[in-house]
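Heads up: numbering here begins at 1 and tracks the sequence.
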Amino acid sequence: MSQSSAEHDLFGWLDDEYLEVLVVKLNALPSGDEFRRRAAEAIETTVGVAGADRTYDEIQKAHGGLIGVVEGDGGRLPWWLREFKWTVASEQLSELELSDSTLDEFEQYPRESTYIQSIELSGAEALSKALDAFVALEGSLNSALQMDPAELEAKHGIEASQYELPDQLFMLPESGVATTDSFEQWFGRVLNLCPPAEPTMTALLRANVGTERRSVGHAITDENLQRLEELKILESTEEDARVFNEAYYEHLTTLLEIEGPFDLVINIEHDKDELTDLQYLYYQSWAVDTERRLAEEQRWLQAARDNTNLSEAERFRFANYAFRMPLRLDSDQVVFTHQSRYGNSNATGRSSKLSPNTVIH
């Protein structure tokens with residue numbers, strides 16, 4: 001069986017060489033817990049309260065109004081007070097956790113005898129979850145293909161250390177707190193490991209088409225079917241086994257939920273409020289970077305919009321198109337990767353007619 005262009009592009013990115021390079025990079029990333037711990041330690045060190053009893057008055061004289069300040073007329077706390085939980089204490093008064101609702105109470109605390117008791121990361125949840133997803137994906141790939149990241153780093157000449165969390169995360173400009181250039185660059189590399197920027201990650205996500213083994217067997221080459229088995233995306237020889245690994249799928253879609261932490265923003269302009277920036281790019285890259293939509297492909301897009309139940313014969317035909325589209329089978333229905341956000345409501349009416357020349361704004 002010959003490969004279609006779309007099939008070749010997808011499975012080409014699942015070759016051992018690309019997977020090996022990916023595993024080396026993923027292995028160097030911190031876990032979500034390590035990131036949270038390092039971020040809390042970094043803010044304490046930056047503010048100068050790590051291992052020291054420093055009064056609010058001393059902090060204010062050294063760095064200005066870091067605590068108890070608000071942004072704009074709306075009285076919103078700045079990001080370093082929103083994303084971190086600051087607990088202050090005074091000899092005369094009880095512990096107080098700073099928040100929008102406690103600022104007035106904080107004003108009653110004497111500056112010369114009030115200390116920062118602890119600072120804990122309470123935000124950046126999307127990044128923490130994404131880092132845990134990277135760790136899990138690296139473990140799954142290692143388990144499936146028996147890779148040794150240390151050997152692969154030397155083999156491919158990869159500087160894996162650039163994916164490690166940098167030493168300095170924050171700095172103190174003239175007023176407030178800001179992330180460092182090194183942290184911003186690191187976060188940029190993290191984004192480039194997510195779908196759709198990272199083509200092997202994108203291929204892993206798109207390979208989870210949910211079709212039955214009996215259907216997909218005629219739609220792709222034997223070699224590509226074997227690759228699905230090796231990666232444990234297809235885990236059974238039963239004819240009704242689905243080409244779908246729930247763990248892969250959950251972790252890969254988690255990456256599409258990532259948001260800029262602290263003062264960093266993913267600057268992607270679009271009007272699809274129901275989608276995150278990376279979810280939007282995931283669909284846009286498919287719509288723009290593919291051959292012109294065939295009438296048969298439009299049929300499956302329409303089926304996803306209409307929540308149509310497919311017959312066995314229709315599921316068989318769908319397998320010929322599944323690997324070229326951001327669709328999968330969920331039981332007997334064709335669904336988008338993000339059906340509730342992209343496949344339903346008014347968004348579906350627009351998205352189901354996308355062409356390669358369409359750019360979503």
Side-chain angles (χ1 to χ4, degrees), residues 29-50 54 56 59-88 97-103 106 116 118-134 162-194 197 254-271 273 275-281:
L29 292 173
S31 66
D33 284 344
E34 181 184 353
F35 167 71
R36 298 177 71 83
R37 177 182 59 80
R38 290 276 306 278
E41 291 174 352
I43 197 79
E44 286 188 339
T45 300
T46 302
V47 176
V49 298
R54 204 174 185 197
Y56 175 79
I59 294 174
Q60 190 172 34
K61 288 178 179 177
H63 307 302
L66 295 180
I67 310 171
V69 297
V70 295
E71 295 177 330
D73 297 332
R76 187 168 183 249
L77 291 174
W79 68 263
W80 58 90
L81 295 179
R82 296 194 310 270
E83 300 285 299
F84 290 88
K85 183 176 73 175
W86 296 61
T87 302
V88 300
E97 183 180 321
L98 299 184
S99 67
D100 294 312
S101 61
T102 62
L103 284 185
F106 177 66
I116 309 299
S118 65
I119 308 177
E120 300 175 12
L121 180 61
S122 56
E125 284 290 333
L127 177 55
S128 295
K129 290 179 180 178
L131 291 171
D132 282 335
F134 281 128
Q162 64 183 318
Y163 293 91
E164 298 174 355
L165 198 62
D167 292 333
Q168 290 189 308
L169 307 185
F170 307 112
M171 60 182 180
L172 296 172
E174 291 185 2
S175 61
V177 184
T179 51
T180 61
D181 290 342
S182 58
F183 179 76
E184 181 178 359
Q185 292 163 7
W186 173 82
F187 180 65
R189 286 189 282 271
V190 170
L191 284 181
N192 281 316
L193 288 175
C194 298
T254 294
L255 298 182
L256 293 174
E257 301 275 353
I258 198 170
E259 299 174 348
F262 311 133
D263 59 350
L264 301 181
V265 178
I266 303 174
N267 190 19
I268 305 297
E269 293 185 6
H270 65 94
D271 60 359
D273 294 338
L275 299 176
T276 68
D277 290 317
L278 293 194
Q279 287 170 352
Y280 162 77
L281 288 179

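Judged by distance alone, with hydrogens and angles left aside, the side-chain atoms of E83 form a donor-acceptor pair with the main-chain N or O of A124 at under 3.5 Å. Without hydrogens or angle criteria, R189 side chain to Y163 main chain gives no donor-acceptor distance under 3.5 Å.
Atom CG in L275 sits 10.0 Å away from atom CG in L256 (nearest 0.5 Å). One finds the CG atom of L121 at 13.0 Å from the CZ atom of R38 (value rounded to the nearest 0.5 Å). Note that CD1 of I116 and CZ of R54 are 10.0 Å apart. Values are rounded to the nearest 0.5 Å. For the atom pair F134 CZ and L29 CG, the distance stands at 6.0 Å (nearest 0.5 Å). C194 contributes atom SG, which lies 11.0 Å from atom CG of L281 (distance to the nearest 0.5 angstrom). To the nearest 0.5 Å, atoms CG (D277) and CD (E259) are separated by 8.0 Å.
Taking K85 as the reference, E120 meet the salt bridge (Lys or Arg N to Asp or Glu O under 4.0 Å) condition, with sequence neighbours excluded. In terms of the salt bridge (Lys or Arg N to Asp or Glu O under 4.0 Å) criterion, residue partners of E41 (sequence neighbours excluded) are, by chain and number, R37. A search for side-chain hydrogen bond (donor to acceptor under 3.5 Å, both in side chains) contacts involving S182 returns T180, not counting sequence neighbours.
Counting all heavy atoms, side chain and backbone alike, T276 lies closest to E257 at CG2-OE1, 3.8 Å. T254 and K129 make their closest contact through CG2-O, 3.8 Å (heavy atoms, listed as atom of the first residue, atom of the second, distance). Among all heavy-atom pairs drawn from L131 and G32, the shortest one is CB-N, 3.8 Å. Closest approach of A39 and L169 over heavy atoms only: CA-CD1, 3.8 Å. Taking both residues in full, the closest heavy atoms of I258 and A126 are given as CA-CB, 4.1 Å, listed atom of the first, atom of the second, then distance. The shortest heavy-atom contact between G176 and W80 is CA-CH2, 3.3 Å.
By the 30° and 60° cut-offs, the orientation of the rings of F170 relative to F183 is tilted.
Taking the side chain as every heavy atom from C-beta outward, L103 and L77 approach each other to under 4.5 Å. At a threshold of 4.5 Å between non-hydrogen side-chain atoms, the residues W79 and P261 do not count as touching. Put simply, the side chain of F106 reaches to within 4.5 Å of the side chain of V88, judged on heavy atoms.
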- Please walk me through it: do L255 and L193 pass side-chain contact (heavy atoms from CB on, under 4.5 Å)? CA-CA 9 Å; L255 298 182; L193 288 175; over 6 Å; no
- Message: Does V47 form a side-chain contact (heavy atoms from CB on, under 4.5 Å) with W86? I'd like the steps, not just the answer.
- Response: CA-CA 12 Å; V47 176; W86 296 61; 3.9 Å; yes
- With side-chain contact (heavy atoms from CB on, under 4.5 Å) as the test, would you mind laying out the steps for F187 and F262 before giving the verdict? CA-CA 11 Å; F187 180 65; F262 311 133; over 6 Å; no
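Around CD of Q168, the count of heavy atoms belonging to other residues, nucleotides or ligands within 6.0 Å does not exceed 12. More than 12 heavy-atom neighbours from other residues, nucleotides or ligands sit within 6.0 angstrom of CD on E34.
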